[in-house]
There are 2 protein chains.
Amino acid sequence: MSIGTASKALNGRGRMRVETRDRVLAAAERLGFRPNPFAQGLLAGRTYTVGLVTSDSFGRFSIPVMLGAEDALDAGQISVFMCDTRDDPIRERHYVERLLARRVEGIIVTGRRTEPRPGIGRDLPVPVVYAMTQSADDSDVSIIPDDEGGGALAARHLMATGRTRIGHVTGPQSFEAARRRAQGMTTALGSAGLAPAGEILYGQWSEEWGRQGADVLLHESPDVDAVFCGSDQIARGVAETLRERGRRVPEDVALVGFDNWEPMALGCRPPLTTVDMNLGEIGRLAARHLLDAIAGDPAPGGVTIVPAGLVLRESTRRGTS
Amino acid sequence: MSIGTASKALNGRGRMRVETRDRVLAAAERLGFRPNPFAQGLLAGRTYTVGLVTSDSFGRFSIPVMLGAEDALDAGQISVFMCDTRDDPIRERHYVERLLARRVEGIIVTGRRTEPRPGIGRDLPVPVVYAMTQSADDSDVSIIPDDEGGGALAARHLMATGRTRIGHVTGPQSFEAARRRAQGMTTALGSAGLAPAGEILYGQWSEEWGRQGADVLLHESPDVDAVFCGSDQIARGVAETLRERGRRVPEDVALVGFDNWEPMALGCRPPLTTVDMNLGEIGRLAARHLLDAIAGDPAPGGVTIVPAGLVLRESTRRGTS
DNA sequence: ATGAAAGCGCTAACAT
DNA sequence: ATGTTAGCGCTTTCAT
């Protein structure tokens, strides 16, 4: 039997007797034959491979993104080379070079900050999509969460449960995410003729800051009846201080976090209502855009914003007060 | 210029005038030439590629392991295909098949439980190393953390700071990790003629259980002066209850956690002394074993235990009492 | 010091 | 319906 015929049998091409085909299939099975992807790739000029570069040390934000991307890519039989840059530009260049040398058909770049960042290179021979981070070059495709919408969502939910004196404790003002969330909240309150209770309290992304920030807020606006927090960690700190100062959550003060980081949100007392950025969806979308681009149908450059959702838990249960 | 000569120039083989070599190098640079790894691989019979299969959804435990592995593999110019099985055996088979089809030279399997698990397949054509999980087949190579040693470390540290009535609140007894940590602690106490304060309290890996468990412990052993917790999450719950019951940490009761999960351990009041499993080292070791096996020098099958360390923070500062 | 040619494993086009 | 052949891009031997 010729080798060419065997190839056809395995791939279901050409015409041949079923018996012959079966014989080949059986033999292949018996011998544990696996086609050499290098030979196939050499011929086809394709690798069915993409690279995923993260600067988040495979952290809390990039992982759900990766899982979403894997979902979408797996359907296309695409395998993923993972590289973690440890936030080091040198490593990043190194990995991008390596991925290109391996002839990946596209690259997804993820991060932990949504701030625009320098692209990974100009005129790369393959399409690139930025997920959960944004390229400074707006001819690139970037997919980011809707921080502003998330802030608005939180504010509207709090108003819907009857709160009107809503404070905000969040991370450093140097983070675009923090500014956007605050903006979304302020705008939503404004639409209802309200304003935030007290100043927007910018600080750190930590529980410790949440504890301090809550004290500041209680001092400035003792009649506050809700707090929207820039992260679940901050919210936990706020919850703790509120309790220690004798305010009941949610009866006296309702609380909304941000991230839906379950170990934090569920460990909180009470469990935390929080904004979910739909990171998985960001990853899936990034992967789909990449697949389209690989298939020759690139999305126009620009930023795509994925809507956030709200996960309801005890911390905003409608008060009986 | 012949194509063969160019190849020699690029790879530094054969004899030729420096001028010729330089000319080739310059041209390659100018044209952005990258050798096709498929053609190279086809010839060399190597792929410089390994697979990493995780059943932890790239979670908290497998990620540090992955980073460690990447360290070690990167040095060998090996790229990594990542696959997440979502803990689904079907997906796992599928991915293992795919990795083998891609001719990875080895596979690392990671998980989130140290319990022995069925291997990913018998008589695979490439070496396999299990990291942070253990193959039921003890001819396989497995690298796991030292839960027992970690428990002992915690107990000895507490005794060294003058504690003698040490309780233990931990996760479900169905977890080998929980049983081992308890065993390590009990043995270490026993060597000093001590026994745990009260029963070992098995429960859940959650803060909520930590809060409840602390109440049980305080009720059974009101004079307890230290608590070793099976996880940082549990420790946080315990810390909260202690504080609410008027016990100061560390003055009245010292506290040790397990995992060194920084967002939890640092957010705790006070910051938590905790056992670190050295997950990065587990990953590095797994990768090195895999590289050795690929190089034809396989480690003998069996379980390698990586020692744990203790990270000191406020929760065990020597009391002034 | 350089060039020519074979062959890695596979598929597609063409010949039988 | 099956066999034959060329060629994907590279490295290596061997000839010049």
Side-chain angles (χ1 to χ4, degrees), chain A residues 1-49 51 76-79 81 97-106 124-126 294-296, chain B residues 1-49 51 76-79 81 97-105 124-126 294 296:
Chain A
M1 142 102 26
S2 90
I3 195 169
T5 308
S7 170
K8 288 177 217 163
L10 264 356
N11 297 291
R13 308 285 160 75
R15 256 172 286 284
M16 66 203 324
R17 274 184 299 182
V18 254
E19 184 222 311
T20 314
R21 175 153 297 162
D22 291 346
R23 228 152 33 95
V24 173
L25 259 34
E29 173 73 12
R30 188 159 42 76
L31 301 170
F33 174 85
R34 300 166 189 286
N36 184 323
F38 281 50
Q40 293 181 308
L42 188 53
L43 209 51
R46 294 202 53 182
T47 62
Y48 297 96
T49 281
Q77 301 266 40
I78 306 279
S79 296
F81 279 122
E97 278 303 314
R98 185 124 113 212
L99 289 171
L100 293 176
R102 288 206 181 264
R103 296 289 202 277
V104 295
E105 299 184 28
L124 296 183
V126 298
I294 290 171
Chain B
M1 142 103 27
S2 92
I3 194 169
T5 308
S7 170
K8 287 176 215 165
L10 264 355
N11 297 290
R13 307 285 159 77
R15 253 172 288 283
M16 65 203 326
R17 273 183 300 182
V18 248
E19 183 222 313
T20 313
R21 174 154 299 161
D22 290 347
R23 227 154 31 96
V24 173
L25 260 31
E29 173 72 14
R30 188 161 41 78
L31 301 171
F33 173 85
R34 301 166 188 287
N36 185 322
F38 281 47
Q40 294 181 309
L42 188 55
L43 213 49
R46 292 202 56 182
T47 62
Y48 297 96
T49 281
Q77 302 266 41
I78 306 279
S79 296
F81 280 122
E97 278 304 315
R98 190 124 110 213
L99 289 170
L100 293 175
R102 288 204 182 264
R103 297 289 204 275
V104 295
E105 299 184 27
L124 297 183
V126 297
I294 289 170

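Quantities reported herein were computed from a predicted structural model and do not represent experimental measurements. Every heavy atom of this structure was used, including side-chain atoms; hydrogens, water molecules and symmetry mates were not. Order of the sequence lines fixes the chain letters, A, B, ..., with proteins taken first and strands second; residue numbering starts at 1 for each chain.
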Sequence-distant partners of B:A28, side-chain contact (heavy atoms from CB on, under 4.5 Å), two or more places apart:
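Once residues adjacent in sequence are excluded, the partners of B:A28 under the side-chain contact (heavy atoms from CB on, under 4.5 Å) criterion are B:L10, B:F33.
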Between [N] ([atom2]) and [X] ([atom1]): distance, integer Å:
{"X": "B:D22", "N": "C:dT2", "atom1": "CG", "atom2": "P", "answer": "12 Å"}
{"X": "B:R103", "N": "C:dC10", "atom1": "CZ", "atom2": "P", "answer": "7 Å"}
{"X": "A:R46", "N": "D:dC8", "atom1": "CZ", "atom2": "C1'", "answer": "16 Å"}
{"X": "A:F33", "N": "C:dG9", "atom1": "CZ", "atom2": "P", "answer": "10 Å"}
{"X": "A:R23", "N": "D:dA1", "atom1": "CZ", "atom2": "C1'", "answer": "12 Å"}
{"X": "B:N36", "N": "D:dG7", "atom1": "CG", "atom2": "C1'", "answer": "14 Å"}
{"X": "B:L43", "N": "D:dT13", "atom1": "CG", "atom2": "C1'", "answer": "12 Å"}
{"X": "A:L10", "N": "C:dC10", "atom1": "CG", "atom2": "P", "answer": "9 Å"}

Look only at the side chain of A:R17 and the backbone of A:D22, and say whether a donor-acceptor pair between them is shorter than 3.5 Å.
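No.
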B:L42 vs B:T20, nearer the 5' end of DNA chain C by closest nucleotide
B:T20
Judged by each residue's nearest nucleotide on DNA chain C, which is more toward the 5′ side, A:A39 or B:R17?
B:R17
Strictly by salt bridge (charged side-chain N to carboxylate O under 4.0 Å, His left out), give each pair with a member in residues 26-49 of chain A just once, sequence neighbours left out.
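Passing the test, one end in residues 26-49 of chain A: A:R34-B:E97, A:R46-A:E105.
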Between C:dC10, D:dA1, D:dC10, which one does the side chain of A:P35 approach most closely?
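Within the option list, the nearest is C:dC10.
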Within residues 1-9 of chain B: residues closer than 4.0 Å to DNA chain C (heavy atoms):
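Hits under 4.0 Å, by residue number: B:M1, B:S2, B:T5, B:K8.
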When you check the phosphate oxygens OP1 and OP2 of D:dT11, does a side-chain N or O of B:Q40 lie under 4.0 Å from one of them?
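Yes, within the criterion.
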Polar side chain donor-acceptor pair, B:R102 to B:T49, under 3.5 angstrom
no
Go through B:N36 and A:L42 one step at a time and tell me if the side chain to side chain contact (heavy atoms under 4.5 Å, CB included) criterion holds.
CA-CA 8 Å; B:N36 185 322; A:L42 188 53; 4.2 Å; yes
Spacing of CD belonging to B:Q40 relative to OH belonging to B:Y48, to within rounding of 0.5 Å:
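If I round to the nearest 0.5 Å, the distance is 9.0 Å.
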Please evaluate residues A:T20 and A:M1 with respect to the criterion side chain to side chain contact (heavy atoms under 4.5 Å, CB included), reporting the C-alpha separation (whole Å), side-chain torsions for both, the decisive distance (0.1 Å), and the verdict.
CA-CA 9 Å; A:T20 314; A:M1 142 102 26; 3.7 Å; yes
